[in-house]
Structure formats: C-alpha cells, structure tokens
Amino acid sequence: MAVPCISYFLLSVFFIVIMLHAQMLFTAVSAEQDTKLHVVYMGSTDPAQENGESYAAAAALHLEMLHSVHGSCNPFREAAEESLKNSYWKSFGGFAAMLSSAHVEQLLNMDGVVSVFESKKLQPLTTRSWDFIGFPASAQRNNLDYQSDIIIGVIDTGIWPESESFSDAGFGSIPSKWRGGCQTTPDFPACNKKLVGAKFFRSVPDNQKPVGDFLSPRDVQGHGTHTSSTAAGNHIYNASLYGIAQGDARGGIPGARIAMYKVCWIDGCTDADMLAAFDDAIHDNVDVISISIGTNITLNYFEDSIAIGAFHAMKRGILVSNSAGNSGPDRATISNYSPWSLTVAASTIDRKMTSELILGNGMFIEGIAVNTYTMEQLWYPLVYGGDVANVNGGFTSKDSSNCKLNSLDHTKVKGKIVLCNFDVDRPDYSVFIAGGVGVIIMLDNSNDIAYVFLNPTTVISTKQGQVVLSYINSISSPMAKIQKTTTTKARAPIVASFSSRGYNPITFDILKPDITAPGVDIFASWPKNSSLSEYLEDTRFGDFNILSGTSMSCPHATGAIGFVKSYHQNWSPAAIKSALMTTAFVMDPTLDETGDAEFGYGAGQINPMKAINPGLVYNTSVGDYVKFLCREGYNDTNLRLVTRDSSSCDLIEPSIYGARELNYPSIMVVVVPGQHIQAIVPRTVTNVGVAKSTYKATISAPSGISVTVDPNILSFSSLNQQLSYNVTIEGGSIPTNKLLSGSLSWSYENYIVRSPISIYCIDKGLV
Ligand SMILES: *[C@@H]1O[C@H](CO)[C@@H](O)[C@H](O)[C@H]1NC(C)=O
Ligand SMILES: *[C@@H]1O[C@H](CO)[C@@H](O)[C@H](O)[C@H]1NC(C)=O
Ligand SMILES: *[C@@H]1O[C@H](CO)[C@@H](O)[C@H](O)[C@H]1NC(C)=O
Ligand SMILES: *[C@@H]1O[C@H](CO)[C@@H](O)[C@H](O)[C@H]1NC(C)=O
Ligand SMILES: *[C@@H]1O[C@H](CO)[C@@H](O)[C@H](O)[C@H]1NC(C)=O
Ligand SMILES: *[C@@H]1O[C@H](CO)[C@@H](O)[C@H](O)[C@H]1NC(C)=O
C-alpha cells in the first residue's frame with residue numbers, strides 16, 4: 001500500500017527544489033488548521049489472529065494506512081507517525097489519529113474501514129437506594145463466593161483507591177481469568193484484591209494531564225469513585241455525610257472486584273480514549289462494563305464510540321450498562337440507545353433532602369438541598385439580590401437578582417442571606433465571594449434533586465420565592481435562617497426531571513430507555529481530597545457525597561447485572577438484560593407529570609432479587625443483531641468487517657417486521673400521522689425457570705387498541721427449550737406525539753414475565 005520513497009540518488013538532482021517544496025508543504029501540514037482527532041473504526045479483529053495479534057502488527061497496519069494518506073517519504077512519514085494517537089487491536093480494530101477532512105475522505109475509501117468520525121468530547125453524566133428497590137444487604141451477601149469471581153469494569157474519571165469501599169480486607173485471591181493490569185505511578189501506588197485493575201487513557205494532548213488532575217488512575221472529580229462504589233463498593237456501616245443520610249453505604253455487589261479505566265479528565269472524555277478503554281476492558285475479561293458517559297448528539301451505531309465498544313463487548317459476552325443521559329424531560333433526548341446495551345434512566349428513591357428556610361416572622365418554607373451547615377446565630381439579615389446590585393461594577397438589578405458573578409455589592413451583602421434567581425454561574429459562589437453567609441435559590445424546573453452547595457443554601461420554587469420577597473418588602477429588617485438538611489419520606493419512584501426520555505432517535509421500533517434505577521440524591525464514596533461542592537474554596541472534605549444523575553442510576557444497573565451474572569455465568573448479555581427488564585417493578589405512569597410513561601422508565605424500575613429467577617428470557621445472538629443491522633441499512637462490506645465472518649445481508653430474507661423482528665424484551669410500534677395501527681411482532685422465549693411449566697399470556701391493551709397473542713399458552717417440557725409466539729396489534733390512527741401504553745405478561749406460578757407494549761405516532765417528516 002505504501003509508496004516507496006524515491007532514492008536519494010534521483011532526489012539529489014532536484015535536491016534544492018524538492019527540499020524547498022517539501023519544507024513548504026511540511027509547514028502547511030503541521031500548521032493545517034483542520035486536523036482534528038478522529039477515530040478510524042475497522043470492525044472486529046481477525047478471529048484467526050485474536051490471540052496472536054500484537055500491538056506492533058496493528059500499529060504497523062495503522063501507520064501504513066496513515067502513510068498512504070500523508071505520503072510515506074519524510075517529512076510526511078514523520079507527520080503520519082505523529083498523527084497516530086491510539087491503536088485498538090485487542091478486542092476490535094481501528095485507531096485514533098489527527099486527520100484533515102481530505103485524509104478522512106481517503107481513509108473512508110480504504111479497504112477495512114467501517115467508519116471514520118471525529119473524536120468528540122463527552123462528559124460524565126452527573127445508601128439507601130439499594131434497600132429502597134427491595135434488595136437487602138443479606139441478599140447481596142448470600143452468594144459471596146460467586147460474587148468474588150465477578151469483575152466490574154468501570155469507564156470513568158478514575159478512582160480513589162484508599163476509600164474503604166475498595167479495601168480488600170477479607171477478599172481472596174484475584175480470579176485467574178483476570179488479564180488486566182494496574183498502571184501505578186507515584187500518586188497511585190497500587191491496586192489490591194478488591195480494586196484489581198486501574199489504568200488511564202489520555203491520547204490528546206499526548207499523555208499530558210490537564211491542570212488539577214492526576215496523570216494516573218486517581219480520581220480528582222469524584223464521579224468515578226462514586227459510580228464504582230455504587231456498583232460494587234464494600235459494605236460500610238454507619239456512614240453519613242456530616243450526619244446527613246446516616247446509614248450503611250454499600251454497592252450492589254459488594255463481594256465483586258472492580259477495574260477502573262480512567263478516560264474522563266477535568267476537561268472531558270474523548271471518543272478516542274473511551275474506545276481504548278473498551279479495547280482493554282473486553283480483553284481483560286471483565287464481566288460487565290459500566291459507562292456513565294454520554295452526549296446529546298444523535299449518532300449512528302458505528303459512529304458512536306460507546307455503541308461500538310458495547311457491540312464488541314456483547315460479542316464477547318459482556319453486557320454494557322449505559323446512562324440514558326441528563327437531557328430530559330424533552331422527548332427523544334436519550335443517548336446510548338444501541339439495542340445490544342442496557343440503557344438506564346434515573347428515578348427517585350423514597351428519601352427527600354429538605355433544608356428548611358425559616359423567616360423572621362416565624363414562617364417555615366421547605367427547601368431542597370444537601371446543606372451540611374448548622375448556622376450559628378439565631379437570625380441573619382435577609383436581602384433580595386435585585387436590591388443589592390454592584391452598581392459601581394456596572395451591574396444592573398436584573399443581573400444581581402440572578403446573583404450573577406460579581407453583580408452583588410459587598411457592602412450590602414456581607415453577613416447576610418441573599419435571595420437569588422438561578423444562574424448558570426451558580427449563585428452560591430457569587431454570594432460567597434461577596435461575603436454573604438447563605439443563599440436562597442428560586443428554581444422551578446429541577447426541584448426533585450438536592451445539590452451540594454458551597455455555603456448554607458436551600459432551593460425553593462419561584463412561587464415560594466414570591467412569599468419570601470413579600471416578607472422582605474413588608475418589614476424594615478427582614479431576617480432568616482437556613483436549617484441543616486434532614487431527610488424525609490417522599491413518594492417514589494418517579495422518573496427524575498433530568499433523565500433523558502425516549503423515543504429512540506435512530507431505531508424508532510425499539511423502545512429506549514430499557515429500565516430505570518435510583519439516580520436522585522445517591523449517597524456513595526468520594527475522594528478524600530476533593531471538596532464536597534468541588535469548589536476550591538470549599539473546606540469540607542469527607543469519604544462520601546450525595547449526587548444525582550443517570551450517571552448514578554447506571555452503576556445501580558451495573559451492580560444488578562453483576563448480581564444476576566454471579567448466579568448465571570453462562571447467560572448471554574441479552575438474557576441478563578431480558579431478566580432485568582421482564583422482572584422490573586412496574587411504575588405508576590400517573591406519578592410522572594410529563595406523561596412520558598415508558599419513554600421515561602422503559603420496562604420499569606430494576607429489581608435484582610427477581611431478576612435472578614425470571615422464568616423465561618428473550619435471548620438474542622450476535623447473528624440476530626447482524627440481521628438487525630442489515631435491516632437498518634448497513635451493507636455487507638461493513639458488516640463483514642464488524643463481525644469478521646461471511647455473514648451476508650443478501651441471504652437475509654426481507655422482513656415484514658422490520659426492527660421489531662429483533663427478539664427484544666419490550667415491544668414498540670411506531671406509526672405516522674393518519675396511519676392505522678397494524679403490526680405483527682414475533683417473539684421467542686427460552687425457558688430458564690421450571691422444566692415442565694405452562695405459561696399463560698395476560699394482555700393489558702391500551703383503550704381502543706386490539707392486542708392478541710398467538711399462541712396464548714406456552715407449554716414447556718424442558719429447560720432451555722424455546723417457544724415462539726406472535727403479538728398482533730391493531731387499531732385506528734392516533735394523534736402525532738401520542739404515546740399509548742399496554743403490556744404483555746406471561747405467567748406461571750410465581751413467575752411473571754412482563755413486556756411493556758408502547759405505541760407512538762411520530763411525524764417522520766419532521767424527524
Ligand atoms: C454512628 O456514627 C455516629 C457519628 O457519625 C455516632 O454518633 C454513632 O454512635 C454511630 N452509631 C453506631 C451504631 O455506631
Ligand atoms: C447538548 O448539550 C450542550 C451542553 O452540554 C448544550 O449546549 C446543547 O444545547 C445540547 N443540545 C441539545 C440538542 O440538547
Ligand atoms: C491528599 O491530601 C493530603 C493532605 O493535604 C496530602 O498529604 C496528600 O498528599 C493528598 N493526596 C493526594 C493523592 O494528592
Ligand atoms: C442465549 O443464546 C446464547 C447464544 O447466542 C447461548 O450461549 C445462551 O446459552 C442462550 N441462553 C441464555 C439463557 O443465555
Ligand atoms: C457500503 O457502504 C459504504 C458506506 O457506508 C460504501 O462506501 C460502500 O460502497 C458500500 N458497499 C456496498 C457493496 O454497497
Ligand atoms: C407468526 O406469523 C407469521 C406470519 O405472519 C407466521 O409465519 C409464523 O408461523 C407465526 N408464528 C407463530 C409462532 O405462530
């Protein structure tokens with residue numbers, strides 16, 4: 001492929017001319033403005049070489065490809081070498097390189113390339129939670145021997161290895177299947193028998209850390225420590241955050257091992273590094289991968305690093321647990337919707353963090369916040385931000401009503417509590433630097449989450465804010481006090497306002513999210529050296545912190561996957577996902593004001609105790625996903641690279657079912673405006689319950705819609721036996737954006753195998 005260099009002899013004739021020319025080009029190349037980090041994805045590695053292939057061979061191939069686009073003579077040869085940032089070779093093929101748009105075009109036309117896409121920057125998607133979902137500590141300990149064979153791979157911001165959650169006291173030797181390693185540095189001296197592996201990935205700029213981070217697997221942001229301890233942290237008795245949320249802290253599967261792959265830095269996480277982490281984690285033999293990272297951009301499956309990583313993980317029997325995203329409550333905001341991964345929404349637990357506001361007139365107002373402070377004085381003077389503008393600094397009363405940075409007059413704020421509207425600059429910080437002692441924030445759209453602030457702060461609604469404002473205006477010296485947080489009982493589970501909603505933006509006929517798990521006010525471990533509010537000015541440090549996000553719900557699902565896998569080592573990723581979905585706690589759609597039903601919570605809230613014994617599972621093979629991809633329009637050239645076998649879309653018969661043919665544990669039917677509902681959905685269940693068992697179908701049909709199941713009785717005579725049925729759904733047309741909800745449950749004795757049925761009308765012309 002590479003063009004040989006012209007010999008020096010020939011070259012010398014035109015030495016000066018060529019050197020000058022080359023010099024100019026070289027300058028042009030290195031200064032080229034449009035080279036950006038790209039991922040060149042090349043599908044599966046050749047199975048024949050799976051164990052023999054080396055990094056050297058892969059990197060040589062990748063360099064050869066780069067030489068052929070850059071040129072193979074110096075200085076282009078060097079430019080090509082410098083442009084290569086990462087080679088993937090252990091679990092799938094591809095590389096990351098700095099490329100111009102012209103290079104991208106050339107590479108796309110080369111043999112072996114499935115896709116080329118820019119390496120985007122993504123963000124991590126910012127306990128009692130386990131008890132709440134009916135998963136007691138005793139159950140988690142029942143099968144400790146099996147649990148200790150489970151290795152949970154976490155792709156995140158790193159980990160704080162000294163946390164008690166990751167102590168290896170009482171752990172036996174590391175499972176022999178573990179093939180990974182521990183990347184030690186002076187600030188990350190060692191892994192242990194609990195934290196069996198830890199690595200960091202930083203391709204751009206080449207292995208240089210951003211200011212304030214550690215160039216090691218150590219976590220400075222706290223996110224990865226929090227998610228890892230949620231999934232598999234040790235059981236810690238009598239933990240609390242400055243006395244708040246007192247109780248035990250524990251991960252979903254405390255007996256399991258953890259491997260951390262640090263890809264997120266203070267300045268974000270890149271596709272190039274995430275793929276490198278997947279490449280290693282799959283090869284290292286982890287049992288489940290947890291990745292609480294996402295983007296709100298809609299991407300095709302093979303241009304999405306997380307979907308690519310999850311696909312190759314699935315091929316090797318590893319289920320990937322993904323965050324659904326924090327872009328709710330708008331429709332179709334979901335991220336990480338590949339059918340081979342588990343997409344996890346976030347819902348509330350039955351514990352609310354209230355921080356009460358008391359006004360000088362004796363009135364109590366219930367605010368929401370994680371406020372660890374006890375204010376010493378009986379009362380503090382209270383002002384409205386809009387009345388104390390830093391006029392000399394050029395700020396208006398509108399600015400100061402939002403408590404924008406520097407907009408408050410120090411002399412009028414010092415020692416006082418300030419009432420503010422919410423601002424992206426964060427009012428707690430503005431008030432702090434202006435010398436204020438406390439903050440009341442008025443905020444309407446996310447008052448289901450309690451945040452940790454820099455100073456005594458509580459969050460109230462704008463309606464409650466009006467009450468405070470009229471009190472301020474009614475008296476010459478208004479006073480107030482903000483109380484330390486106490487926990488109260490709340491109605492739950494409800495899908496969190498921030499949790500991204502379906503529909504699936506790429507494959508309409510597959511319901512996403514798959515499931516929901518606790519993701520609001522989650523108590524878990526924290527790096528000892530990172531302040532609670534993450535401000536440098538914050539002097540509170542501790543071993544735990546309270547966070548919200550689909551980042552927090554994803555590791556709950558990860559723990560549940562590990563738990564199911566500890567009972568069923570040989571179950572496929574699809575079978576484990578099916579077990580979790582069909583046994584999920586059925587949510588009450590009327591509790592969620594948005595009316596999003598399954599678009600908010602998928603099959604319902606995760607229920608690990610039930611999932612270990614689901615009765616029946618909807619299994620799916622790699623071949624089924626390949627068929628699915630053919631029908632999604634991927635062609636043979638690309639699919640053969642992805643699968644590395646002779647699978648051909650030509651041999652697959654056209655399907656009347658479309659994407660609904662995929663044997664998914666939920667049922668989704670999409671129509672366009674005016675179209676009558678008319679769908680047949682084929683499904684096959686595998687018996688993993690009782691050998692001789694007879695399951696009966698129960699349908700809950702949306703009103704006005706006919707749903708029938710044929711056959712409606714399934715009689716099994718042996719374990720692992722498979723039986724098929726068809727669901728026929730018929731009805732008139734429905735209005736655009738209308739979502740109808742129903743369900744199909746197969747039941748036998750105590751087993752209930754439930755699939756949600758969702759029917760939705762999308763104006764595809766507008767999508
Ligand atoms: C739990 O910890 C608190 C202090 O954080 C202490 O006062 C209390 O006695 C402890 N309870 C138990 C049962 O150890
Ligand atoms: C995606 O997120 C970014 C910031 O995280 C935001 O600026 C942008 O508006 C979002 N886009 C959509 C379509 O929600
Ligand atoms: C954490 O903070 C302590 C005290 O400031 C310091 O001695 C220690 O080196 C810090 N650890 C790391 C890993 O930065
Ligand atoms: C599901 O299918 C896979 C093959 O695709 C098979 O290995 C597995 O045994 C099947 N059953 C379960 C319960 O995973
Ligand atoms: C397959 O798709 C790729 C682009 O997605 C295209 O370059 C290629 O020509 C296609 N191959 C066939 C056989 O259609
Ligand atoms: C489902 O319906 C298709 C035709 O629509 C039929 O070929 C198939 O046999 C049916 N499957 C079952 C299990 O009845």
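Counting convention: from 1, in listed order, for ligands and their atoms alike. When a residue number appears, it is its place in the shown sequence, counting from 1. Reckoned from all heavy atoms, side chains included, excluding hydrogens, waters and symmetry mates.
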Original post:
Short list, please: which atoms of ligand 3 are under 4.0 Å from a heavy atom of Phe214?
Top reply: 14 (O)
Original post:
Where the closest heavy atom to atom 12 (C) of ligand 4 is concerned, which of Asn619, Asn570, Val617 has it?
Top reply: Asn619
Original post:
Counting heavy atoms only, which part of Arg218 comes closer than 4.0 Å to ligand 3: side chain, backbone, both or neither?
Top reply: side chain
Subject >> Ion pair Asp213/Lys262, N-O distance below 4.0 Å >> reply: yes
Original post:
Looking at atom 9 (O) of ligand 6, what's its closest protein heavy atom, distance included?
Top reply: Asn726 ND2, 4.8 Å
Original post:
With atoms numbered from 1 as shown, which atoms in ligand 3 lie under 4.0 angstrom from a non-hydrogen atom of Asn529?
Top reply: 1 (C), 2 (O), 3 (C), 8 (C), 10 (C), 11 (N), 12 (C), 14 (O)
Subject >> Side-chain heavy-atom pair Pro189, Arg218 within 4.5 angstrom cut-off >> reply: yes
**OP:** Indicate, with yes or no, if the rings of Trp746 and Tyr751 have centres closer together than 6.0 Å.
**Re:** no
**OP:** Nearest heavy atom to atom 5 (O) of ligand 4 wins, so pick from Pro573, Ala574, Ser621.
**Re:** Ser621
**OP:** State plainly whether the residues Lys528 and Glu162 are in salt-bridge range, i.e. N to O under 4.0 Å.
**Re:** no
Original post:
From atom 2 (O) of ligand 4, is the closest protein heavy-atom distance below 4.0 Å?
Top reply: yes
Original post:
Of all the atoms in ligand 4, which lie at a distance below 4.0 Å from a heavy atom belonging to Ala575?
Top reply: 12 (C), 13 (C), 14 (O)
**OP:** Look at atom 7 (O) of ligand 6 and say which protein heavy atom is nearest, naming residue and atom and giving the distance to 0.1 Å.
**Re:** Tyr657 OH, 4.9 Å
Original post:
Do ligand 4 and Ser572 have nitrogen or oxygen atoms that lie under 3.5 Å from each other?
Top reply: yes
Original post:
Do any nitrogen or oxygen atoms of Tyr725 come within less than 3.5 Å of a nitrogen or oxygen of ligand 6?
Top reply: no
**OP:** Determine, for Lys209 against Asp267, whether the closest basic-nitrogen to carboxylate-oxygen distance falls under 4.0 angstrom.
**Re:** no
Original post:
Should the pair Asp509-Arg660 be classified as a salt bridge under the 4.0 Å nitrogen-to-oxygen rule?
Top reply: yes
Original post:
Is any side-chain N of the basic residue among Asp287 and Lys177 closer than 4.0 Å to the acidic one's carboxylate O?
Top reply: yes
**OP:** Run the numbers on Asp538 and Ser533 for side chain to side chain donor-acceptor pair (under 3.5 Å), then give the verdict.
**Re:** CA-CA 7 Å; Asp538 193 343; Ser533 65; 2.6 Å; yes
Original post:
Among protein heavy atoms, which lies nearest atom 13 (C) of ligand 6, and at what distance?
Top reply: Ser724 O, 3.5 Å
